[in-house]
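To start, the structure under review is shown below, and the notes come after it.
Protein chains get the first letters and strands the later ones, always in sequence-line order, with residue 1 at the start of each.
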Protein chains: 2
Amino acid sequence: MNIEQQAIDDKLATIFKVLSDPHRISILRILHENGHEMTCGEVGEQLNLAKSTVSYHFKALRKAGLTNTRKVGQTKMLSINETTFEQYLPHFFDVS
Amino acid sequence: MNIEQQAIDDKLATIFKVLSDPHRISILRILHENGHEMTCGEVGEQLNLAKSTVSYHFKALRKAGLTNTRKVGQTKMLSINETTFEQYLPHFFDVS
DNA sequence: ATATTAGTTCGATAATTATCGAACTAATTG
DNA sequence: CAATTAGTTCGATAATTATCGAACTAATAT
């Protein structure tokens with residue numbers, strides 16, 4: 001295994017770690033199906049978790065580069081980071 | 001989110017949990033690049049881990065349906081479970 | 001200026017996990 | 001049969017993780 005491949009696999013492993021929680025997959029699907037930015041609150045509403053827990057998951061998604069965050073006043077808008085999905089998880093949202 | 005999608009996402013989450021360890025991704029790549037069945041020992045040799053640890057990872061991969069196992073005498077032959085990859089991880093091995 | 005709202009951070013906790021060496025089973029070889 | 005080999009299982013351990021409620025910050029509304 002060459003060194004670049006190892007770097008990719010480490011990146012993949014961190015992405016997969018983030019995806020290893022069903023709640024986080026749900027968040028991504030909610031975002032994807034919605035088709036445009038959503039506030040943290042809107043997404044979190046559907047998950048039935050403490051808001052601190054939701055915040056924890058959001059941070060994990062953002063840190064792994066799976067979502068974009070944009071602050072608008074008091075709220076934060078979340079969206080899918082298409083670039084990361086295209087590069088590392090092509091066809092992720094096609095699986096059904 | 002409908003109930004079938006939830007079932008798929010739970011399955012995906014368990015697959016991703018297995019893939020969240022760099023060693024297990026390595027195992028899969030070794031198998032894929034080799035192109036045909038390998039013994040546990042052959043794969044494990046390249047990982048520099050205790051054989052009990054390797055066995056632990058193999059079991060996780062098998063349990064998630066990512067590999068096939070075939071016992072031949074004293075040894076076990078591992079191979080990629082193409083069906084699972086086609087269904088849940090299309091283009092996984094193309095990422096580079 | 002006070003109260004509300006959106007989200008983050010903190011401390012605690014229970015559960016899961018990756019790893020090892022040792023002991024084991026089953027198959028093969030001498 | 002005895003020794004070796006391939007792989008599994010077990011017990012222990014250290015590290016990570018998902019979750020909560022409480023306290024916090026920053027922005028908005030009354």
Side-chain angles (χ1 to χ4, degrees), chain A residues 6 9-31 34 36-79 81, chain B residues 6 9-31 34 36-79 81:
Chain A
Q6 190 57 58
D9 285 356
D10 286 351
K11 172 75 176 172
L12 276 175
T14 69
I15 287 177
F16 288 138
K17 178 159 12 183
V18 173
L19 293 174
S20 70
D21 183 295
H23 285 136
R24 289 195 287 261
I25 295 186
S26 293
I27 293 169
L28 293 169
R29 254 191 229 291
I30 289 168
L31 279 172
N34 191 262
H36 54 77
E37 292 185 317
M38 296 176 79
T39 68
C40 293
E42 285 171 331
V43 179
E45 244 171 36
Q46 312 188 35
L47 294 177
N48 204 29
L49 293 172
K51 66 179 183 168
S52 54
T53 305
V54 174
S55 180
Y56 169 81
H57 288 314
F58 284 171
K59 195 172 184 177
L61 288 164
R62 194 181 344 117
K63 208 168 150 217
L66 293 168
T67 55
N68 304 119
T69 304
R70 187 168 72 90
K71 191 169 183 181
V72 177
Q74 189 179 15
T75 74
K76 282 200 168 167
M77 310 300 287
L78 278 225
S79 59
N81 184 332
Chain B
Q6 191 56 58
D9 286 356
D10 286 352
K11 172 75 175 173
L12 276 174
T14 69
I15 287 177
F16 288 138
K17 179 162 6 185
V18 172
L19 293 174
S20 70
D21 183 294
H23 285 136
R24 289 195 286 261
I25 295 186
S26 294
I27 292 169
L28 292 170
R29 256 193 228 289
I30 289 169
L31 279 172
N34 192 263
H36 54 77
E37 292 183 316
M38 297 176 78
T39 68
C40 293
E42 284 171 332
V43 179
E45 243 171 36
Q46 312 189 34
L47 295 177
N48 203 28
L49 293 171
K51 64 178 182 167
S52 54
T53 305
V54 175
S55 179
Y56 168 81
H57 288 314
F58 284 172
K59 196 173 183 176
L61 288 164
R62 196 180 341 118
K63 209 170 147 213
L66 293 168
T67 55
N68 303 119
T69 305
R70 186 168 72 89
K71 191 168 185 183
V72 177
Q74 190 178 15
T75 76
K76 283 200 168 167
M77 309 300 287
L78 279 223
S79 59
N81 184 333

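Dashed line: the shortest gap from a side-chain N or O of A/R24 to OP1 or OP2 of D/dT19 is not under 4.0 Å. The side chain of B/S55 places an N or O atom within less than 4.0 Å of a non-bridging phosphate oxygen (OP1 or OP2) of D/dT8. Between B/K76 and D/dT8 there is a side-chain polar atom (N or O) within less than 4.0 angstrom of OP1 or OP2.
Contact annotation: the side chain of A/E45 never approaches that of A/E42 to less than 4.5 Å [non-hydrogen atoms, C-beta and beyond]. Contact check for B/M77 versus B/T39: side-chain heavy atoms found under the 4.5 Å cut-off. Counting heavy atoms from C-beta on, the side chains of B/E37 and B/V72 never come closer than 4.5 Å. Between B/T67 and B/F58 the shortest side-chain heavy-atom distance does not fall below 4.5 Å. Side-chain atoms of A/D9 and B/P22, non-hydrogen and from C-beta on, never get closer than 4.5 Å to each other. Between A/N68 and A/N81 there is a side-chain heavy-atom pair separated by less than 4.5 Å.
Pairing for C/dA14 goes to D/dT17, judged as Watson-Crick or G-U wobble with the two contacts each under 3.5 Å. Taking a pair to require two hydrogen-bonding distances under 3.5 Å in either a Watson-Crick or a G-U wobble arrangement, D/dA22 pairs with C/dT9.
With D/dC10, C/dT19, D/dA22 as the candidates, the nucleotide lying closest to the side chain of B/S52 is D/dC10. If you check D/dT8, D/dT19, C/dT19 against the side chain of B/L49, the one that comes closest is C/dT19. Of the candidates C/dT9, C/dA18, D/dC20, the closest approach to any side-chain atom of B/Y56 belongs to C/dA18. Closest approach to the B/C40 side chain among D/dT9, D/dC20, D/dG7 is made by D/dG7 (side chain taken as heavy atoms from C-beta onward). For A/T75, the listed nucleotide lying nearest its side chain is C/dA6; candidates were C/dA6, D/dT8, D/dT9. Across C/dT19, C/dA22, D/dC20, the shortest atom-to-atom separation from the side chain of B/H57 is found for C/dT19.
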Next on the checklist: Please encode protein proximity along nucleotides 24-30 of chain D as a string of B, S and -, counting only heavy-atom distances under 4.0 Å.
Outcome noted: --BBS--
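Distance, B/L61 CG to D/dT8 P: 12 Å, rounded to whole Å. Whole-Å rounding puts the A/H23 NE2 to D/dC20 P distance at 8 Å. Rounded to whole angstrom, the span from the CZ atom of A/F58 across to the C1' atom of C/dT9 amounts to 16 Å. One atom, CG of A/D21, and another, P of C/dT16, lie 13 Å apart when rounded to the nearest Å. Taking atom NZ of residue B/K63 and atom P of nucleotide C/dT17, one finds them 9 Å apart after rounding to whole Å. For the pair A/N48 CG and D/dC20 C1', the interatomic distance rounds to 13 Å; values are reported in whole Å.
Along DNA chain D, the nucleotide nearest to B/V54 and the one nearest to A/S20 differ in position, and the one closer to the 5' end is contacted by B/V54.
Of all heavy-atom pairs between B/A60 and B/V18, the closest is O-CG2, 3.8 Å. In terms of heavy-atom proximity, A/L78 sits nearest to A/C40 at CD2-SG, 4.1 Å. When all heavy atoms of B/I27 and B/L47 are compared, the pair lying nearest together is CG1-CD1, 3.5 Å. For the pair A/R24 and A/K17, the tightest heavy-atom approach, listed with the atom from each and the gap, is NH2-O, 3.5 Å.
DNA chain C lies under 4.0 Å from no heavy atom of any residue of residues 11-19 of chain A.
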